[in-house]
Visitor: 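This is the structure I have questions about; it appears just below.
Both backbone and side-chain heavy atoms feed into the values below; hydrogens, waters and symmetry mates do not.
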Amino acid sequence: MGLISRIRDAFSNRSISQVQLMTEKGNTYFLWNGSVYQSDIVRACMRPYVKQVGKLIGKHIRETIKEDGARKLDINPTYYIKMLLEEPNPLMSGQMLQEKMAAQLRLNNNAFALINRNEDGLPIEIYPITATNVEAIYSRSGELSLRFTMRNGKLYTFYYRDIIHLRGDYNENDIFGSPLAPVLLPLLNVVTVTDQGLINAVKNSSVVKWLLKFTNALRPDDLKSQAQEFAKNYLSTEEGLGVAAVDSKADAIQIDQKDYVPNSSIMDRTTKRIYALFNTNEKIVTSCATEEERNTYFDSEIEPVLIQLGDEYTRKLFTRRERSFGNSIVFEASAWDTASISTKLNLAQMVDRGALTPNEWRKAFNLAPVDGGDQAIRRLDTAVVGNTAEEGGNSE
C-alpha cells in the first residue's frame, strides 16, 4: 500500500478536528452564549472593523496578455459574477454579507459562507452560515467537508470547496482559526466586576447620613415625623440654610460614609488591554482619529481581510482552469476613504495633470458622477515636453 493511500485510510470517515465557535473546552470549541457581543466595549471595538470591511467593493477582474506583451484588464466581464458580488442572495447586499462575515470573523476568528451553484456548476448565491458547531471531515477519497450544527439543532454537511472560509489567528488548528474568548473573557470579567462595584457605590450613596438621638422615649410615629421634619428643614436643597439646630431633646449625629468607588485607573487599563486585543484604540472607536491614524488602522486590520476575501472568493468561485485564464476577484477600498478634506481638495492638482478624471475626484467626496467626467483633462501648461508647440501654439 502506498504512502498516500495509508494517509487517506488513516483519516477515512473520521473527524480530524472540530470547532464550536467562540469558547474552548479541551479540543472542542463551543458557541459563546452571546454575552461577549452584549459588552459595550467589545461592540465598540468591532464596529469600525465591520463597517470598513462592509465598504470594500468586490470586482471580477480578467487579465489577459496580448501578443505584444501588453496587459489588458477587463472589469466585471461576466454578468452573473458581477450580480453575485452585488446581490449574493435575496436577503442581503454584498455590503451586508461582508459586514456579517466580518462580525463573525472578529468574534470567532472563523467566518463561513455557502456557495450555492446551479445545475451547470456556476455560483448563483452566497449565504452566510451561523452555526453552533463545525466539524471537519475527510471522505475516503480525501476530500474535505464541513459538518455544521445549526442553532435549531439540524446538521448540514457541505464540501469545503463550496465554503468561503475566513480565518483569524490561524495558528494551532490546521483548518480553523484560534478562538478569541479564552483571552477576552478574563478582561471582560474585570470590567463586569468594576461595573458592579460602581453600581453598588451609587446605591449605597442613598443610605442614612444623619442619626437623630432623642433623650426621651417616643412612639414610632413620632420618631418618623421628627426625622421627616428634620430632613425637610435642613437637608432640602431648595430650602436648606446650611445650618442645623436641634433642642436638648435630640442629638444630630452625622454618619460617616465610606462608599466603595471603583478605581478608575483599573477600568482604564482593562479597557486599553481590550482595545489592544482588537488592535484598535479610543480614537478609532470614537471616530476621532487623524488621517495618519486611520491609514495605520486600515493597513494593519482591514487590508489583510481585503486580501483574504479576494483570495478566498477567487479560489472558490473559479476553477483552476478559469484562474489560469486570468479570472480573479479583487476587493477594493477607496484610496480616499481615510483622507481628510484638505487632502481631497489637494487632489485637484491631479485632475489638472490628467492623473485623475473629474468623476474620480468627485467620488472622493461621495458625489455622483457627471456626464463627460470620465474623460481625463489637462491644463496646457502641464503638457508633455516637446508637445507644447503643437498643443498650445507657438510659444513665442
Side-chain angles (χ1 to χ4, degrees), residues 15-25 27-34 36-37 46 49-50 52-54 56 58 81 84-85 87-117 121 123-139 143-181 184 301-302 304-318 329 331:
S15 168
I16 63 166
S17 57
Q18 188 170 337
V19 59
Q20 294 190 353
L21 305 179
M22 201 56 221
T23 64
E24 184 178 22
K25 181 179 179 182
N27 294 324
T28 304
Y29 302 156
F30 295 92
L31 175 69
W32 182 246
N33 59 12
V36 169
Y37 192 62
M46 289 177 55
Y49 177 88
V50 171
Q52 286 283 355
V53 174
L56 301 177
I81 293 293
L84 182 66
L85 296 175
E87 186 181 359
N89 62 70
L91 302 178
M92 59 190 68
S93 64
Q95 177 198 7
M96 300 311 298
L97 173 63
Q98 291 162 206
E99 287 193 5
K100 190 171 182 66
M101 293 192 68
Q104 293 294 318
L105 178 62
R106 208 61 171 138
L107 275 177
N108 302 312
N109 277 329
N110 288 279
F112 306 93
L114 172 66
I115 302 174
N116 183 25
R117 306 180 189 270
I124 56 175
E125 293 177 326
I126 301 177
Y127 287 92
I129 301 177
T130 304
T132 61
N133 178 48
V134 185
E135 185 179 359
I137 301 174
Y138 277 101
S139 66
E143 185 169 6
L144 175 63
S145 299
L146 297 182
R147 179 183 296 164
F148 294 90
T149 303
M150 302 302 181
R151 295 184 183 275
N152 58 8
K154 294 184 178 181
L155 298 176
Y156 295 94
T157 302
F158 306 108
Y159 288 116
Y160 191 69
R161 63 173 182 263
D162 293 328
I163 298 294
I164 295 175
H165 183 194
L166 304 181
R167 291 166 280 196
D169 292 344
Y170 186 44
N171 179 30
E172 298 177 350
N173 197 286
D174 293 336
I175 300 174
F176 304 108
S178 300
L180 186 66
L184 181 60
E301 285 295 291
I302 308 304
V305 182
L306 179 151
I307 297 173
Q308 186 177 178
L309 271 173
D311 292 343
E312 191 68 2
Y313 269 69
T314 297
R315 72 190 193 98
K316 296 299 176 63
L317 295 182
F318 299 114
I329 301 296
F331 283 84

Visitor: Report the distance from atom CG of L180 to atom CG of L107, rounding to the nearest 0.5 Å.
Guide: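 So the CG of L180 and the CG of L107 are separated by 8.0 Å.
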
Visitor: For A111 and Q104, which heavy atoms make the closest approach, and how far apart are they?
Guide: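 So the two residues come closest at CB-CB, 4.0 Å.
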
Visitor: Output all residues satisfying ring-ring contact (aromatic ring centres under 6.0 Å, His included) with Y49, sequence neighbours left out; order by chain, then residue number.
Guide: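 ring-ring contact (aromatic ring centres under 6.0 Å, His included) check on Y49 returns nothing, list empty.
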
Visitor: Taking only residues two or more places apart in sequence, or in another chain, which ones meet R147 in a side-chain hydrogen bond (donor to acceptor under 3.5 Å, both in side chains)?
Guide: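 Once residues adjacent in sequence are excluded, R147 has no partner under the side-chain hydrogen bond (donor to acceptor under 3.5 Å, both in side chains) criterion.
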
Visitor: Looking at residues at least two apart in the chain, or sitting in another chain, which of them share a salt bridge (Lys or Arg N to Asp or Glu O under 4.0 Å) with D169?
Guide: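 Counting only residues at least two positions away or on another chain, D169 forms no salt bridge (Lys or Arg N to Asp or Glu O under 4.0 Å).
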
Visitor: Just jot down the side-chain contact (heavy atoms from CB on, under 4.5 Å) partners of L91, sequence neighbours excluded, or say none.
Guide: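 Partners of L91 under the side-chain contact (heavy atoms from CB on, under 4.5 Å) test: N89.
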
Visitor: Between CG of N110 and OG of S178, what distance do you get to the nearest 0.5 Å?
Guide: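 The distance works out to 8.5 Å.
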
Visitor: Please give me the minimum heavy-atom distance between P179 and N109, naming the atom from each residue.
Guide: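 Looking at all heavy atoms of both residues, the closest pair is C-ND2, 4.0 Å.
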
Visitor: Pairs in or reaching into residues 124-133: which pass salt bridge (charged side-chain N to carboxylate O under 4.0 Å, His left out), with residues at least two apart or in two chains?
Guide: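 Matches after skipping sequence neighbours: none remain.
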
Visitor: Under the side-chain hydrogen bond (donor to acceptor under 3.5 Å, both in side chains) test, which residues partner Y156, sequence neighbours left out?
Guide: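 Counting only residues at least two positions away or on another chain, Y156 forms no side-chain hydrogen bond (donor to acceptor under 3.5 Å, both in side chains).
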
Visitor: Go through the structure and list residues passing side-chain contact (heavy atoms from CB on, under 4.5 Å) with N152, not counting sequence neighbours.
Guide: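 Expected list: M150, K154.
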
Visitor: Holding to side-chain contact (heavy atoms from CB on, under 4.5 Å), I want the full list of residues that pass it with L114, two or more places apart in sequence or in another chain.
Guide: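 If we apply the side-chain contact (heavy atoms from CB on, under 4.5 Å) test to L114, skipping adjacent residues, the hits are I129, F158, D162, I163.
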
Visitor: Counting only N and O atoms by type, is there a donor-acceptor contact under 3.5 Å from the side chain of T132 to the main-chain atoms of R151?
Guide: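 Such a contact is absent between T132 side chain and R151 backbone.
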
Visitor: A side-chain contact here means heavy atoms from C-beta on lying under 4.5 Å apart; do P90 and Y127 qualify?
Guide: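 The answer is yes, as the side chains (C-beta and beyond) meet within the 4.5 Å cut-off.
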
Visitor: Working to the nearest 0.5 Å, report the span between CD1 of I164 and CD of Q308.
Guide: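 So the gap between those two atoms works out to 11.0 Å.
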
Visitor: Considering all heavy atoms of both residues, which atom of H165 and which atom of F176 are nearest to each other, and what is their separation?
Guide: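 The pair with the smallest heavy-atom distance is CE1-CD2, 3.8 Å.
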
Visitor: What's the shortest heavy-atom distance between G168 and L105, and which atoms?
Guide: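 Scanning both residues, the minimum pair turns out to be N-CD1, 3.6 Å.
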
Visitor: Got a sec, which residues hit side-chain contact (heavy atoms from CB on, under 4.5 Å) with R315, two or more places apart in sequence or on another chain?
Guide: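 By the side-chain contact (heavy atoms from CB on, under 4.5 Å) rule, R315 matches Y160, R167, E312, R323.
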
Visitor: Please report the interatomic distance CG(L166) to CZ(R106), rounded to the nearest 0.5 Å.
Guide: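 Output value for this atom pair is 13.0 Å.
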
Visitor: My understanding is that only residues two or more places apart in sequence, or in another chain, count here; which of them pass salt bridge (Lys or Arg N to Asp or Glu O under 4.0 Å) with K100?
Guide: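 For K100, no residue satisfies salt bridge (Lys or Arg N to Asp or Glu O under 4.0 Å) once neighbours in sequence are set aside.
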
Visitor: What heavy-atom pair brings T149 and A131 nearest, and what distance separates the two atoms?
Guide: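 The pair with the smallest heavy-atom distance is O-CB, 3.4 Å.
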
Visitor: Find out whether L56 and L309 are in side-chain contact, i.e. whether some heavy atom of one side chain is under 4.5 Å from a heavy atom of the other.
Guide: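 L56 reaches L309 side chain to side chain.
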
Visitor: Take I329 and L317 through the test side-chain contact (heavy atoms from CB on, under 4.5 Å) and record every step on the way to the result.
Guide: CA-CA 9 Å; I329 301 296; L317 295 182; 4.2 Å; yes

Visitor: Let me confirm one number: the CD1-CG distance from I126 to L97, rounded to the nearest 0.5 Å.
Guide: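 Between atom CD1 of I126 and atom CG of L97 there are 6.5 Å.
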
Visitor: Can you tell which of V305, L306, V53 makes a side-chain contact (heavy atoms from CB on, under 4.5 Å) with F331?
Guide: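 Only match with F331 under side-chain contact (heavy atoms from CB on, under 4.5 Å): L306.
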
Visitor: Quick check for you: to the nearest 0.5 Å, what is the distance between F148 atom CZ and T157 atom OG1?
Guide: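 Nearest 0.5 Å value for the CZ-OG1 distance: 9.0 Å.
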
Visitor: Residues two or more places apart in sequence or in another chain: which of them pass salt bridge (Lys or Arg N to Asp or Glu O under 4.0 Å) with E99?
Guide: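 Per chain and number, E99 pairs via salt bridge (Lys or Arg N to Asp or Glu O under 4.0 Å) with K51.
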
Visitor: What are the two closest non-hydrogen atoms of L144 and A136, and how far apart are they?
Guide: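 Heavy-atom minimum between the residues: CD1-CB, 4.0 Å.
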
